[in-house]
Protein chains: 2
Amino acid sequence: MVMRIGRLPKQKRLLELANEIEQNPFITDEQLTKKFNVSIQTIRLDRMELGIPELRERIKLMAEKSYDQVRSLQIDEVIGEVVDLQLDKSGISIFEMNEEHVFSKTKIARGHHIFSQANSLAIAVIDDEVALTASADIRFIRSVKLGEKCIAKAYVRKDSLNHEKANVDVFTYVGNELVFEGNFVIFRSELKI
Amino acid sequence: MVMRIGRLPKQKRLLELANEIEQNPFITDEQLTKKFNVSIQTIRLDRMELGIPELRERIKLMAEKSYDQVRSLQIDEVIGEVVDLQLDKSGISIFEMNEEHVFSKTKIARGHHIFSQANSLAIAVIDDEVALTASADIRFIRSVKLGEKCIAKAYVRKDSLNHEKANVDVFTYVGNELVFEGNFVIFRSELKI
DNA sequence: ACTACTTTTAGTATCAGGTAATAATTTGGT
DNA sequence: ACCAAATTATTACCTGATACTAAAAGTAGT
């Protein structure tokens, strides 16, 4: 039970190592040897055991992830995945609530993400060069939780068409439960060249 | 003017090289030698001249950038920077519209970003464990353009306090021009342990 | 054609931050 | 004291570079 000074038992070290790397993914094995006061081989065996890749791999994975995110944001300018779209008529989009969309305490989705999905779908269904939200009347009917898939359905009001403004009603569901509804007034410019 | 087959003049190569790396930041110098049919030293001299760092540096910069973004999103759970906050009374936040917040065609801000700033400020001024948006009535008064700073001011309606719901009015300005106004109804749970 | 100059290529030494594999040593427990 | 697990040491090798020196090739100008 002597144990060299400043050392942790293996299981504890494994936990703290995983933690440390999560906190600071840019740390090298060598810096870790100093933190834990063990040899570099031990650190490497530990990483192996925990399935944690080397520094360069970690960094690369992060970069690839963020690169993909940026790309996909540029590709579809809509929040959520549009699965159906009939211009000037209706549209459907799906959006799943991940960790980054919820309050960390309660795991309940922030309202503006649900709004964003509905708002960008309302814009998407309007077949115009420039379409902007003029106003909106919205209700959050029940809270959406982490992991839930929101299905937003937008309908363009017939009687509102061919004008400077269009009315779009959006209903968002989780399963068959209504969680959000909103009426959006969309400005449309007749800039169709 | 003979020039070996499949070669570009230097200036053109420099432009295309910069372009290629921007399109695919994960490309190595060696892969580039094949694309441009020149030696690896030439590629490296070119990168030098263009001030483009090596693959590993590029990847690291991307990872650091995304890491900082994630961190800052976790640190302040509010969209925009809160510059003043009097709980249950009022609050002010500032949010600048960058490239990622505007439509690429028109450079006009997407409505949901302006909403997000207002919504998260409305939540922040409510001094409660759990506060959620129940409904909102909003108007976009004029469009916000790339680079403009939005100053959102939130006021909690006095008569709405001490209830299950609170009413928060938010006015967003660019300079002294009103660009957005909204009335938010916020659910508050009395879960004050 | 000869010179001056730029561009390109080659080659060597060195680096960080590892992997992989094998062997030796230390430690803890009984 | 003995055994197995844990740790450390050692060596060879890898990728994707930098830094530097030197030589070769191409490009004009006169």
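These figures come from a predicted structure and were not determined experimentally. Residue numbers begin at 1 in each chain, while the letters A, B, ... track the order of the sequences.
Contact between the side-chain N/O atoms of B:Thr42 and the OP1/OP2 oxygens of C:dT8 is not found at any separation under 4.0 Å. At the phosphate of C:dT8, OP1 or OP2 sits under 4.0 Å from a side-chain N or O atom of B:Arg13. Residue B:Arg44 has no polar side-chain atom (N or O) positioned under 4.0 Å from OP1 or OP2 of D:dA19.
For A:Glu54, whose side chain is taken as the heavy atoms from C-beta onward, the closest listed nucleotide among C:dG17, D:dA17, D:dT8 is C:dG17. In this structure, the nucleotide among C:dA20, D:dG16, C:dG11 sitting nearest to the side chain of B:Gln41 is C:dG11. Comparing D:dT18, D:dA9, C:dG17 against the side chain of A:Thr28 picks out C:dG17 as the nearest. Considering only the side chain of A:Lys10, D:dT7 comes nearest among D:dT7, D:dA9, C:dT7. You'll find that the side chain of B:Arg47 is closest to D:dA17, out of D:dT10, C:dT9, D:dA17.
B:His113 and B:His101 have perpendicular rings, their planes meeting at more than 60° on a 0 to 90° scale where under 30° would count as parallel.
Counted by atom type alone, A:Glu30 and A:Thr33 present zero donor-acceptor pairs between their side chains at under 3.5 Å. Between the side chains of A:Gln117 and A:Ser93, a donor-acceptor pair is found at a separation under 3.5 Å.
In this structure, NZ of A:Lys60 is placed 15 Å from P of C:dG18, rounded to the nearest angstrom. For the pair B:Lys12 NZ and C:dT8 P, the computed distance is 15 Å after rounding to whole Å. One atom, CD1 of A:Ile43, and another, C1' of D:dA9, lie 16 Å apart when rounded to the nearest Å. The interatomic distance linking A:Glu49 (CD) with D:dA5 (P) rounds to 13 Å, in whole Å. Here C:dT9 presents its P atom at 14 Å from CG of B:Asp29, a figure rounded to the nearest Å. The distance between atom CG of B:Leu32 and atom P of D:dA17, rounded to the nearest whole Å, is 8 Å. Atom C1' of nucleotide C:dA10 and atom CG of B:Leu45 are separated by 12 Å, given to the nearest angstrom. Remark: C1' of C:dA16 and CD1 of A:Ile59 are 12 Å apart, rounded to the nearest angstrom.
Under a 4.0 Å N-O distance rule, the pair B:Glu148/B:Arg142 qualifies as a salt bridge.
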Go through A:Glu49 and A:Arg44 one step at a time and tell me if the salt bridge (Lys or Arg N to Asp or Glu O under 4.0 Å) criterion holds. CA-CA 9 Å; A:Glu49 206 160 333; A:Arg44 285 167 182 170; over 6 Å; no

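For D:dG16, the base has a donor-acceptor partner in the side chain of B:Arg56 [N/O atoms by modelled type, under 3.5 angstrom].
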